[in-house]
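All remarks here apply to the structure that follows.
Only heavy atoms go into these numbers, but all of them, side chains included; no hydrogens, no water, no symmetry mates. Numbers restart at 1 for each chain; the letters A, B, ... are given by sequence-line order, proteins then strands.
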There are 2 protein chains.
Amino acid sequence: MTRITENPAFIQPTVSGPTATLVTSLSQAIHEHRLVPGTKLGEDELSEIYNVSRTVVRQALQALSHEQLVELKRNRGAFVAKPTIREAREVFEARALLEPRTARSAAERMTEAALTRLEAHIAAEHEALDAGESGKALRLSGQFHIEISHIANQSIIAGFIERLVARSSLIIALYWKRHSALCEEHAHHALVEAFRRGDGQDAEELMKSHLVDIVSALDLREAPSTDVSLKDILSG
Amino acid sequence: MTRITENPAFIQPTVSGPTATLVTSLSQAIHEHRLVPGTKLGEDELSEIYNVSRTVVRQALQALSHEQLVELKRNRGAFVAKPTIREAREVFEARALLEPRTARSAAERMTEAALTRLEAHIAAEHEALDAGESGKALRLSGQFHIEISHIANQSIIAGFIERLVARSSLIIALYWKRHSALCEEHAHHALVEAFRRGDGQDAEELMKSHLVDIVSALDLREAPSTDVSLKDILSG
DNA sequence: GTGCACAGGATTGTATGCAATCTGGTTTTG
DNA sequence: CAAAACCAGATTGCATACAATCCTGTGCAC
C-alpha cells in the first residue's frame, strides 16, 4: 500500500478544528467526483451526516466557497459549483501560464526526497486504477501537479496552482469527453524523468504538452448563443 | 469630486449581507493603512463598533483570512496579517509575472469608457493627495492596478491580481522606505497614454518598470539569519 | 384544463448562551 | 529575589434558538 501524505483537499487550509476536517472531507468527495457539480449541500443534512453542528457546516461551506468549489446562494443554500465553459477555458489558460514555468523551477531544485514523493504519487495512482478506484486515481493525478508546485518552492504561485487544480476537478466532471483516466499514462512518468535529470527546459515542455493534452479531452464548445431568438431557431 | 465606483475592498466578495459590508469596511481600513499589520481584531470589539452580532464578525474575519489580509490564530483571535520579507518578495515576483502581460492585454482591448475610468482613478488619486489624504491615495493607487486587470478581461488572472494587490497594502505598510506617495507620479499617466494608443508592448514595458520602481522603494533586506547562534553573535 | 394566490413546512441567516481556552496578575515556594 | 503555581476575567469556539425567506403543494377562479 503506497502511502500518500499530501493534502487530499488540494488547497492549504485557512480553517482549523472540526471545520477543517469537514472541508477536507467535502473537498475530497468533490475531487473524486463523488460529489458532482450542481449538488445541493444542505446545512442540516451535512450536520447530520458528519455529526457536527450547523455552525461548523456553515464555516466549512464558507471556506469551500472561497475556494470556488462551492457556490453559496443567499437564502437558497450551497451547491457544488458548476464552472461555465468560459471559466473552464480561463482556468486552463492560467494553468498553461503558471505550471510549465513551475515545472522548470521544480526540475532545477529537485531532490531525492522530492523525486521519491512524486514516484509514490504515480505508484498510488496506478494502484487506484488497478483497483478500479477511478475517483481516487483522479484525485491523485491532481495532487501530482500540486506536489510539483510545492517543490518549486514559490508559495504564492503554488497557492494559485492549488486553486486552479482544485477547480479543474469540477471542470473535468462537467466537460471530460474521454473514457480513459485523466492524465495520459506516460506523461507523469516522463515529467519525473526530466526532473531526475534536472532538465528544466524538458520539464517545461512536457508540462506544456501535458496540459494541452488535458484540454484536448475537454468538450469546451460554446453552447448556442442565447442571443438567437426562439423565432429564428424555429424558422430554420 | 471625482467619483470612483470600483471595489474599495479590492477582492470580489464571496459573502453577502451585513458580512459583506463589514468585510468592505475592514478591507478599506487596511488598504488605507488605518488598520496596521499586527493589530488585534477582537470579535466583541468589532461587534460593538459596527453594531452587528459576533456571528457576522466571525464570518467577516473568516473571509478576510481567506484573502490573507487577516490571520486567525486558534483560541487567540484575529490579527491584521504581517507578511514576511519572503512573502513580500514572492508577492511582487508574482505581480511581475502577471501584471505586465495583463497591461498588454488591457491595451489591446481598451475602450473609451475604460480609459475614462482609468483617468478618473488618477484624478481621484491626485485629489486625495492634494487633500492630504495619503491613505485614500494609496488605496486608489492599488485600485488603478486592479482596474487594469479587469479591462484585460481574464477573470481568473484578474482574481489573482486582486489578491496580490490587496496583500501589497500590508507589505507597503511594513516595508515602505520612501517618504513620497506610493506610485511615482507619472507612471500611471504614462500607462494610460500607452493604453490610449493601444500600444500593448509599451504598456507591458511600462508596467514592468513601474513594478520595479515600487519594489525598489521597499526595504526587503533579510533580517540576520536566526541560524546564527547567540554565542556566535556575542563573540563578535 | 390552466394559471394564480396562498399557506405551511423546510431551510437559511443571525443572535445569544455556554463551555473551553488563554492571558495576565497575584500568591506561594525554594 | 526568581520561578512556579494558581486563579479570575476576557476571549474564542461552538451549539442552539428564533426570525426571515424560500419553495412546493393545494385550492380556487376563469
- Message: Could you tell me how far apart A/L61 (CG) and C/dT11 (C1') are, to the nearest whole angstrom?
- Response: 13 Å
- How many Å lie between CG on B/L46 and C1' on D/dT12, as a whole number? 13 Å
- Message: Looking only at the side chains, is there a donor atom on one of A/H66 and A/Q62 sitting less than 3.5 Å from an acceptor on the other?
- Response: yes
- Could you tell me how the ring of B/H31 sits relative to the ring of B/F10: parallel (under 30°), tilted (30 to 60°) or perpendicular (over 60°)? parallel
Name every donor-acceptor pair, under 3.5 Å, that has one atom in a side chain of residues 15-22 of chain A and the other anywhere in the protein, sequence neighbours excluded.
{"from": "A/S16", "atom 1": "OG", "to": "B/R74", "atom 2": "NH1", "distance (Å)": "3.2"}
{"from": "A/T19", "atom 1": "OG1", "to": "A/Q59", "atom 2": "OE1", "distance (Å)": "2.7"}

- Message: Quick check against the 3.5 Å criterion: does B/D44 have a side-chain atom that pairs as donor or acceptor with the backbone of B/E48?
- Response: no
Show each protein N/O and nucleotides 21-23 of chain D N/O combination with a separation under 3.5 Å, one pair to a line.
{"from": "D/dT21", "atom 1": "O3'", "to": "A/N75", "atom 2": "ND2", "distance (Å)": "3.3"}
{"from": "D/dC23", "atom 1": "OP1", "to": "A/R76", "atom 2": "NE", "distance (Å)": "3.4"}

Please list each protein N or O that sits under 3.5 Å from an N or O in nucleotides 16-20 of chain C, with the distance.
{"from": "C/dG17", "atom 1": "O6", "to": "B/R54", "atom 2": "NH1", "distance (Å)": "3.4"}

- Note on the structure: Between CG of B/D44 and P of D/dG9 the distance, given in whole Å, is 17 Å
- Message: Let's go through A/E87 and A/R167 carefully: what are the C-alpha distance in whole Å and the side-chain angles of both, what is the deciding distance for salt bridge (charged side-chain N to carboxylate O under 4.0 Å, His left out) to 0.1 Å, and is it a yes or a no?
- Response: CA-CA 10 Å; A/E87 284 169 324; A/R167 257 181 125 187; 3.3 Å; yes
- Query: Please give, in whole Å, the distance from D/dT12 C1' to B/K73 NZ?
  - Reply: 15 Å
- Message: Any donor-acceptor pair under 3.5 Å linking the side-chain atoms of A/S141 with those of A/E125?
- Response: yes
- Tell me whether the OP1 or OP2 atom of D/dT12 has a side-chain N or O from B/K40 closer than 4.0 Å. yes
- What integer distance in Å separates B/R58:CZ from C/dT14:C1'? 13 Å
- Between A/S47 and A/E43, is there a donor-acceptor pair closer than 3.5 Å when you use the side chain of the first and the backbone of the second? no
- So, A/S149 and A/E162: side-chain donor and acceptor under 3.5 Å apart, yes or no? no
- What is the distance from CD of B/E45 to C1' of D/dA10, rounded to the nearest Å? 12 Å
- note: B/E43, atom CD; D/dC14, atom C1'; distance rounded to Å ~ 11 Å
- Message: Could you tell me how far apart A/Q62 (CD) and D/dG13 (P) are, to the nearest whole angstrom?
- Response: 14 Å
- Query: Do A/Q143 and A/R139 have a side chain donor and acceptor closer than 3.5 Å?
  - Reply: yes
